Amino acid sequence: MSTVGFIGLGQMGSPMAANLIKGGHSLRVFDISETAVEKMVELGATAATSPADAALDVEFVITMLPNGALVKNALFGENGVTETLDKQALLIDMSTVHPFETDALIKEMSDKGFSMMEAPVGRTSDHAIKGELLILAGGTLQQITTAQPLFDCMGSETVDAGGPGKGIRVKIINNYMSIALNALSAEAATLSEAIGLNFDAALKVMSGTPAGKGHFTTTWPGKVLAGDLSPAFMLDLAHKDLGIALDLANQVNVPMPCGAASRELYSIARAAGRGRQDWTAVFEQLRVTSGLEAKVK
Ligand code: NAD
């Protein structure tokens, strides 16, 4: 069993720390909220008075803070972790921060002779309570292997994202997609209601199509990802149907910002001569427009 300094005992950090204690690890905990610290002490943790105090004589320090500036301050600020951290210990930042901040923190830690990895988490505080988080590990294989017993207390699945800085990148991409999809879903549901559809019936239809299932596992594998842009569903037709939906929305006063922005991408693809290609060609078009090398000749 290990000794762990845990900094940031909020909605996520508290249950994660509690699960580490349940797993038999010894915790030194710090939070600016005394109440949060007291709750963890009741579960068996030792209270620390600063990040430096939390990092005293421990094998691991975990940070679970709201943003990158706070993580940086906890590491390098006054009474920060690096004032006391053992050079053999492993710092694991599990917060969601900007990937470039993670890169800079890993570099600064490494320049000072410390070992750091990131392991942001997927899922929600309910999963944190049950110890069922998705751990997106960004680090060397050795760092991930060393941290695995801790991850196993807090999560039900650990993904090796492919090296330092990759865990936070996959976390941000995953959040980008699910957050944007949430807004697109709200548009579709609102339009359904505004044009008099029974939402349960509409939901049933959309749950069985790429609308509800997503494209990565339905339309893309056999087409754009396989290098085949011959049309299963022609891009011109997708553009037409999107236009009908936007017109309908316009007539019933439902704003559809995600759909309207999407139509621009279809228009760009049509202007580039892709109208008669498969609709999944929007991916190839966006790649090329973004300066990436064309994949499908
Ligand atoms: P939270 O606001 O509930 O908790 C943050 C904790 O950090 C609070 O207890 C606060 O007192 C403490 N804190 C703030 N400044 C501090 C400092 N300088 N020193 C010590 N403690 C300090 O946030 P949360 O929901 O627990 O989220 C933590 C991180 O996890 C965030 O980066 C968030 O984006 C990420 N995350 C959250 C969820 C979620 O569902 N809530 C899911 C995945 C990832």
Side-chain angles (χ1 to χ4, degrees), residues 68 93 95-107 110 117-122 134-141 144 158-185 187-188 209-243 245-246 256-297:
D93 182 30
S95 326
T96 303
V97 307
H98 194 300
F100 292 172
E101 290 176 314
T102 299
D103 295 348
L105 290 174
I106 290 176
K107 179 168 188 316
S110 168
M117 68 176 291
E118 89 274 17
V121 300
L134 171 65
I135 315 273
L136 303 169
T140 63
L141 192 56
I144 296 174
T158 301
V159 173
D160 178 347
K166 298 292 199 305
I168 191 64
R169 282 166 169 75
V170 76
K171 164 74 185 167
I172 295 298
I173 290 288
N174 177 68
N175 276 25
Y176 164 71
M177 190 157 165
S178 55
I179 290 165
L181 199 53
N182 191 24
L184 180 65
S185 305
E187 286 181 12
T209 72
K213 292 181 163 189
H215 285 265
F216 289 170
T217 55
T218 57
T219 60
W220 284 24
K223 284 291 161 189
V224 68
L225 295 182
D228 176 9
L229 294 180
S230 64
F233 179 42
M234 209 184 283
L235 196 141
D236 271 344
L237 296 178
H239 178 264
K240 176 216 25 149
D241 293 358
L242 185 51
L246 288 170
M256 306 248 280
C258 300
S262 303
R263 182 166 56 177
E264 300 310 302
L265 181 55
Y266 283 89
S267 293
I268 290 167
R270 273 157 52 90
R274 296 185 185 276
R276 300 189 69 76
Q277 290 185 346
D278 189 68
W279 61 327
T280 60
V282 289
F283 172 40
E284 181 67 359
Q285 181 59 48
L286 189 57
R287 293 185 61 263
V288 172
T289 303
S290 304
L292 301 177
E293 200 181 324
K295 265 193 184 156
V296 188
K297 305 291 175 201

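All values reported here derive from a predicted model rather than from experimental measurement. Positions are given from 1, in the same order as the sequence printed here. Heavy-atom basis, side chains included; hydrogens, waters and symmetry copies ignored.
Distance check, rounded to the nearest 0.5 Å: CG of L136 to NZ of K166 gives 14.0 Å. Within the model, atoms CZ of R263 and CG of L246 stand 4.5 Å from one another, a figure rounded to the nearest 0.5 Å. To the nearest 0.5 angstrom, L105 atom CG is 14.0 Å from M117 atom CE. Separating the OG1 atom in T280 from the CH2 atom in W220 is a distance of 8.0 Å, to the nearest 0.5 Å. Between the CD atom of E101 and the CD1 atom of I106 there is a distance of 12.0 Å, given to the nearest 0.5 Å. Put simply, CG on L265 and CG on L242 are 10.0 Å apart, with the number rounded to the nearest 0.5 Å.
Annotation: side chain of P257 is in contact with side chain of E187 (closest heavy-atom distance under 4.5 Å). The side-chain heavy atoms of R169 and D103, taken from C-beta on, include a pair separated by under 4.5 Å. With contacts defined as side-chain heavy-atom distances shorter than 4.5 Å, the pair V170/V159 does not qualify.
Minimum interatomic distance between H239 and S267 (heavy atoms only, all atoms of both residues): NE2-OG, 3.3 Å. Minimum interatomic distance between T96 and I168 (heavy atoms only, all atoms of both residues): CA-CD1, 4.1 Å. What you find for G167 and P120 is that their closest heavy atoms are O-CG, 3.6 Å. Pairing each heavy atom of G227 with each of V296, the nearest pair is O-CG1, 3.4 Å. Shortest non-hydrogen contact noted between I135 and A119 is CG2-CB, 3.9 Å. Of all heavy-atom pairs between D278 and A232, the closest is OD1-N, 2.8 Å.
Between the R287 side chain and the A294 main chain, no donor and acceptor come within less than 3.5 Å of each other. Between the side chain of E118 and the backbone N or O of G165, at least one donor-acceptor pair lies under 3.5 Å.
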Quiz item: Do L235 and R270 pass the side chain to side chain contact (heavy atoms under 4.5 Å, CB included) test, and can you show the C-alpha distance, the side-chain angles, and the key distance before you say yes or no?
Solution: CA-CA 8 Å; L235 196 141; R270 273 157 52 90; 3.8 Å; yes
Quiz item: So F233 and D241, side chain to side chain contact (heavy atoms under 4.5 Å, CB included) or not? Walk me through it.
Solution: CA-CA 11 Å; F233 179 42; D241 293 358; 3.7 Å; yes
N/O donor-acceptor pairs under 3.5 Å from side chains in residues 210-219, not counting sequence neighbours:
unit_1 : atom_1 : unit_2 : atom_2 : d
H215   : ND1    : T219   : OG1    : 2.6
T218   : OG1    : G214   : O      : 2.6

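Every salt bridge (charged side-chain N to carboxylate O under 4.0 Å, His left out) that K223 has, sequence neighbours left out, goes to D228. Listed by chain and residue number, nothing satisfies the salt bridge (charged side-chain N to carboxylate O under 4.0 Å, His left out) test with R274 (two or more places apart in sequence, or in another chain).
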